[in-house]
There are 2 protein chains.
Amino acid sequence: MSTAEETTAGDPQAWAEVTPDAARRLLIAAVEAFAERGYHATTTRDIAGRAGMSPAALYIHYKTKEELLHRISRIGHEKALDILRTAAGREGSAAERLADAVSSFVRWHAGGRTTARVVQYELDSLGPDARAEILALRRQVDAEVRGIVEDGVADGSFDVPDVKGTTLAILSLCIDVARWFSLDGPRTPDEVGALYADLVLRMVGSK
Amino acid sequence: MSTAEETTAGDPQAWAEVTPDAARRLLIAAVEAFAERGYHATTTRDIAGRAGMSPAALYIHYKTKEELLHRISRIGHEKALDILRTAAGREGSAAERLADAVSSFVRWHAGGRTTARVVQYELDSLGPDARAEILALRRQVDAEVRGIVEDGVADGSFDVPDVKGTTLAILSLCIDVARWFSLDGPRTPDEVGALYADLVLRMVGSK
DNA sequence: GGGGAGACTAAGCGCTCGCTCAGGTTCGGC
DNA sequence: GCCGAACCTGAGCGAGCGCTTAGTCTCCCC
């Protein structure tokens with residue numbers, strides 16, 4: 001369990017795959033603006049302004065404002081899925097893997113709260129095609145967690161009457177961190193991750 | 001534990017305190033529209049249209065679009081707080097009261113998903129004064145749940161290392177139901193309430 | 001150093017937004 | 001039968017929206 005990598009919108013490394021530089025600056029500006037005010041309340045002028053450009057510059061790199069949200073959402077979901085896959089694929093007991101998955105997933109939602117907010121809460125602002133693509137990624141996220149829970153049930157280390165419902169609750173708990181977490185609050189992302197890993201192990205009756 | 005009372009936006013009884021009739025119809029229309037598309041993506045024309053009125057009629061009963069959201073949010077929070085207070089004040093062990101609080105709170109978020117969505121997720125669309133008023137109500141919600149958890153810890157029936165953090169997680173879990181629950185899904189509000197009550201009792205190490 | 005490609009801006013188009021206002025309709029009190 | 005109050009509509013204002021276009025600037029290749 002490494003310490004939480006910073007994946008705030010301000011970290012250019014998290015968006016290294018977005019090129020050229022101007023397109024990345026615009027995308028980072030959009031993440032910040034969407035997280036603060038929501039997609040619909042954000043104007044293209046605001047995004048371009050934060051990136052130090054004129055409004056028209058946005059349309060050289062992105063066809064529409066929605067394409068920006070789509071790109072952000074896809075990259076974010078892929079990152080989230082990657083985090084869970086890494087934890088799920090490690091050596092160790094089901095309890096260890098579940099604790100690792102939850103704590104790193106929570107750290108991502110807390111530390112990268114800006115990004116996570118957009119990724120988790122602006123899904124409905126996408127058009128039907130883009131939303132369908134993202135929902136497919138979310139089903140994969142669900143499958144990773146459910147896999148770990150099923151492993152623990154199969155080897156008798158977990159006691160879970162309702163695997164699907166419990167999986168849903170675990171993910172719901174983690175995702176909602178993006179709604180309430182604040183870097184100004186009393187807890188660090190690491191602390192919330194550790195607390196939540198413990199709570200989730202209790203939920204699955206880990207022994 | 002009664003069965004979930006219907007508190008969907010369509011239920012006029014839930015908004016009985018809003019008068020006259022036209023003002024209530026507008027408010028119900030606003031709840032539905034805000035829940036479907038979000039506050040900023042909803043137009044005053046849409047709200048008035050759903051209520052069968054012209055756009056101008058809205059401004060006879062409400063000063064601004066934001067006042068509509070404020071009224072909805074305040075009434076909704078008061079209802080949520082009422083539900084928790086009722087459960088917290090009942091006779092019975094801490095475990096019984098916590099299970100009752102969680103299951104009825106979850107039933108409200110699931111069954112009245114339309115209202116709960118607006119109440120829980122459109123808070124940031126309010127201006128500073130209105131938001132401050134609502135946040136005060138939320139602190140009272142938090143205090144009710146924390147009180148039950150503290151009771152259980154005090155009498156030794158709960159094992160909770162971090163009372164504040166666990167209270168936050170419990171509420172977070174319940175609130176997020178409004179994000180993912182669908183009446184078309186495989187679970188009824190009652191079933192989710194029962195599942196969540198069990199999960200929360202596990203989280204607090206109830207014995 | 002001439003020329004084309006790519007990146008960017010100033011200006012603004014067409015549209016829809018929240019909200020307003022003058023005027024019409026309905027209805028109880030007298 | 002008339003009046004004022006309450007309620008509602010049709011028309012539309014000013015502003016700001018997403019997005020486009022014409023043109024400028026900066027490179028790099030030759």
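Each chain gets a letter, A, B and so on, in the order the sequences are listed, and its residues count up from 1.
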Out of [options], which nucleotide sits closest to the side chain of [X]?
X: A:R45; options: C:dT9, D:dC17, C:dC19; answer: D:dC17
X: B:A56; options: D:dG18, C:dT9, C:dC21; answer: C:dC21
X: B:A22; options: D:dC8, D:dC7, C:dG12; answer: D:dC8
X: A:T43; options: D:dC17, C:dC19, D:dT9; answer: D:dC17

- Task: For the pair B:F105 and B:H109, name the ring-plane relationship: parallel under 30°, tilted 30 to 60°, perpendicular over 60°.
- Result: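 B:F105 and B:H109: perpendicular rings.
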
Whole-Å distance separating the [atom1] atom of [X] from the [atom2] atom of [N]:
X: B:Y59; N: D:dG12; atom1: OH; atom2: C1'; value: 14 Å
X: A:L26; N: C:dT9; atom1: CG; atom2: C1'; value: 14 Å
X: A:D46; N: D:dG18; atom1: CG; atom2: C1'; value: 14 Å

- Message: Any base atoms under 4.0 Å from B:S54, or only sugar-phosphate, or nothing? Heavy atoms, all strands.
- Response: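 Base, at least one base heavy atom under 4.0 Å.
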
- Message: Side chains of A:E133 and A:H70 only: does a donor on one sit below 3.5 Å from an acceptor on the other?
- Response: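 Yes, because at least one side-chain N or O of A:E133 sits under 3.5 Å from a partner of the opposite role on A:H70.
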
- Taking atom types as modelled and ignoring hydrogens, do the side chains of B:R179 and B:Q120 form a donor-acceptor contact shorter than 3.5 angstrom?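 No.
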
- Can B:R117 and B:E32 be counted as an ion pair, charged N to O under 4.0 angstrom?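 No.
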
- Task: Would you please confirm or rule out a distance under 4.0 Å between OP1 or OP2 of D:dC8 and any side-chain N or O of B:H61?
- Result: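 Indeed, a polar side-chain atom of B:H61 lies that close.
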
- Is any side-chain nitrogen or oxygen of A:T44 closer than 4.0 Å to OP1 or OP2 of D:dC19?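 No, outside the criterion.
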
